[in-house]
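Working notes, beginning with the structure itself.
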Amino acid sequence: MSTTTAAPVANPTWYGDIRQMFTPTDVAHMGKQGLDLTSYEEVRNSAGNIYGQVASKQMPRPTPWPDDWIATFLNWMTNSFPKGTNPAPARASVAAARAPMKQAGRIRKEITKLSGPELDTLKKAFNGILAKGTDDPNSYFVQAGYHWLPNLFCQHHVPGYNPWHRAYLISFENALRSVPGCENVTLPYWDITTPFPEVLKSAPFDSYTLPKDVGTDFPAGYKTERYPYPEIQQNLIDYQVAGDIKRALSKTDWEDFHGGWGDQPGFGGSSNNTIIQAHDSGHGSIGPTMAQQSVAAFDPVFWFFHANWDRLFWQWQQQMHATTLDTLLTTINKTTDILSYQIFTMPVLENLAPFTANPPKLSTLSIIDSVNSLDVDYQDPETRTAMAFLPKTQRAVPASQTFTVHPDRVNVRVGGLNRLKIPGSFKVILLKDGKPIAARFFFQPNEVEKCPNCVNNAVVHFDFELPLAEVANGKLDVAVEPVNKSFVGNRFPQKMMGNPTVDVHLLMTTE
């Protein structure tokens, strides 16, 4: 919001106006007093006290708010504290001033848009790290091994998912740059909403053969595999990956963009239906190696695939003016998603092993600003994924708030599924009259009980947000199919995974 606004904003929102009124100095000062000005919930709950201080011109110091700001804040209170769905870039001067963007030195392009010399350099870099010994920290084997086998580092379905993978990409890109003559190479991305790139179907990007054992199931000589390319394209359609990406980019709250955590019992919360779900389904679509967390990073497509998820993460941050610590925190609900808040505010939880103690020495804080901190930006694809912020849909809302019901859309939730009972990645299928109408893929290691993040987040649920007409007037059923069929066949017995439940809700919004 601009300090030169001539009149109060009649219908202000948290995202469009209020959060931009608090400078980093205000946030730091009031934080010492026990009030978090980056938190929508705390500002709403303390709005009366805040208004009293700013209206009397006692706060903030040394420059009190102008009268139109004070009146805008009062209008927000009078209108029942709307959170809003649009960050209103036209009134984002304060947010923009906090993080002036420089020109990044590392510009990651869509892989099909590389020039001939750029592609030659990329191939040279890949061949260079492929040729390094398995003990060399810049070797392909060591870098890929950070993801799961043999080192067990990666984070999925936890708040650190996107921060960890952003640091991982820097580590891998730095390894590519260690090859003589490739000091300025950057890692391109594959826009997964477009066809599988032809360049990734041939060496050195088509496959990788393990030079040594990384586990009982993956001995030396194991060669990465993919499904036939037409099947990959159909899988991406069947899993509705493009739809999950679009839904994620329409969200204003961190936990709703990421999905997979931040659930408050009884109030909807996050689920596997936004960016983490698109990621998981992408892995499952490409398989068989990419469908297995244990060895997915050994398939060369992994790196271009994950550069795309980081691109979308950065796109969402920019759309939400959430490229600094305090602006990112304004998107996190401390009540329903305290773990996400803590990974950015508690030093003991800011670690991104092994990339914090070792090069590139990054933490959850240092990855927030991709351009200013990491020197990384992305060149947009020719057709950028459309973004239009939508009201936050929920299965339940507090009785203290007014709400609107969406009678034409429902949420079918498959909840209470204990993933620790399932050996490896799996597919959840929603059927109507015996025919699949929607599917979700869940990405996890084969020995899931050895994954601390998995054990700590054992029970998962899956949301299928669908038109009411698609689920009405038919018999619904749910099937779970593990990728590893050697254990139980096609369908996994429901009693062995905690007897998951299914419920159907009309969706609501408080906006």
Side-chain angles (χ1 to χ4, degrees), residues 8-19 39-45 47 72-89 91 240 243-260 262-275 277 316 319-320 330-337 386-415 430 438 461-473 476 502-511:
V9 178
N11 296 293
T13 66
W14 169 254
Y15 280 126
D17 308 276
I18 303 304
R19 65 174 179 152
S39 168
Y40 165 80
E41 292 74 24
E42 292 193 26
V43 172
R44 180 190 63 194
N45 294 338
T72 294
F73 193 85
L74 180 60
N75 287 344
W76 184 60
M77 296 171 63
T78 303
N79 294 342
S80 300
F81 315 102
K83 201 167 190 179
T85 59
N86 192 337
R91 297 195 299 271
Q240 301 178 334
D244 285 336
I245 291 173
K246 186 175 181 179
R247 183 184 300 108
L249 292 174
S250 78
K251 301 299 182 180
T252 54
D253 292 359
W254 159 279
E255 57 267 28
D256 291 334
F257 167 73
H258 288 263
D263 187 38
Q264 182 182 34
F267 291 97
S270 301
S271 186
N272 292 293
N273 71 345
T274 50
I275 209 67
Q277 182 57 64
W316 179 82
Q319 291 168 176
M320 288 304 302
T330 66
T331 71
I332 299 176
N333 187 320
K334 288 174 65 176
T335 302
T336 60
D337 194 14
M387 183 282 297
F389 289 113
L390 301 175
K392 178 183 177 72
T393 54
Q394 298 169 269
R395 298 164 64 242
V397 299
S400 60
Q401 292 185 264
T402 59
F403 59 89
T404 302
V405 176
H406 297 272
D408 58 339
R409 293 192 69 80
V410 296
N411 189 83
V412 180
R413 170 167 289 187
V414 180
L430 183 64
H461 52 252
F462 300 84
D463 280 359
F464 298 87
E465 188 175 322
L466 300 165
L468 176 59
E470 289 191 16
V471 300
N473 302 316
L476 300 182
V502 179
D503 61 51
V504 182
H505 284 257
L506 291 175
L507 291 171
M508 300 179 290
T509 179
T510 56
E511 294 294 339

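Residue numbers start at 1 and run along the sequence shown.
The shortest distance between side-chain heavy atoms of Asp244 and Arg247 falls below 4.5 Å. Residues Leu249 and Phe257 form a side-chain contact, since some pair of their non-hydrogen atoms from C-beta on lies under 4.5 Å apart. Counting only heavy atoms from C-beta outward, the side chains of Asp253 and Asp337 never approach each other to under 4.5 Å. In this structure, Val9 and Asn75 have side chains that are not in contact, with every pair of non-hydrogen atoms separated by 4.5 Å or more. Here the side chains of Leu430 and Val412 are in contact, with some heavy-atom distance below 4.5 Å.
Closest of all the heavy-atom pairs between Pro82 and Pro12 is CG-O, 3.3 Å. Closest of all the heavy-atom pairs between Val414 and Phe464 is CG2-CE1, 3.9 Å. Nearest heavy-atom pair across Leu476 and Val471 is CD2-O, 4.0 Å.
Note on ring orientation: taking the six-membered ring where Trp is involved, the planes of Tyr40 and Trp14 are perpendicular (angle over 60°, cut-offs 30° and 60°).
Within a 6.0 Å sphere centred on CG of Asp408, heavy atoms belonging to other residues, nucleotides or ligands number more than 12.
Atom NZ of residue Lys251 and atom CH2 of residue Trp316 lie 12.0 Å apart, to the nearest 0.5 angstrom. Summarising the geometry, atom CZ belonging to Arg409 is positioned 7.0 Å from atom CG belonging to Leu466; distances are rounded to the nearest 0.5 Å. With rounding to the nearest 0.5 Å, the separation of OG1 in Thr335 from CD in Glu41 is 4.5 Å. For the atom pair Thr252 OG1 and Asp256 CG, the distance stands at 7.0 Å (nearest 0.5 Å).
Each of Asn411, Asn273, Thr274 was checked for a side-chain hydrogen bond (donor to acceptor under 3.5 Å, both in side chains) with Asp463, and the lone residue meeting it is Asn411.
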Inset, instruction - With side chain to side chain contact (heavy atoms under 4.5 Å, CB included) as the test, would you mind laying out the steps for Asn79 and Asn11 before giving the verdict? - result: CA-CA 7 Å; Asn79 294 342; Asn11 296 293; 3.7 Å; yes
Legend entry - side chain to side chain contact (heavy atoms under 4.5 Å, CB included) between Val43 and Arg19, worked out: CA-CA 9 Å; Val43 172; Arg19 65 174 179 152; over 6 Å; no
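For Trp76 and Phe73, the ring centers sit closer than 6.0 Å to each other.
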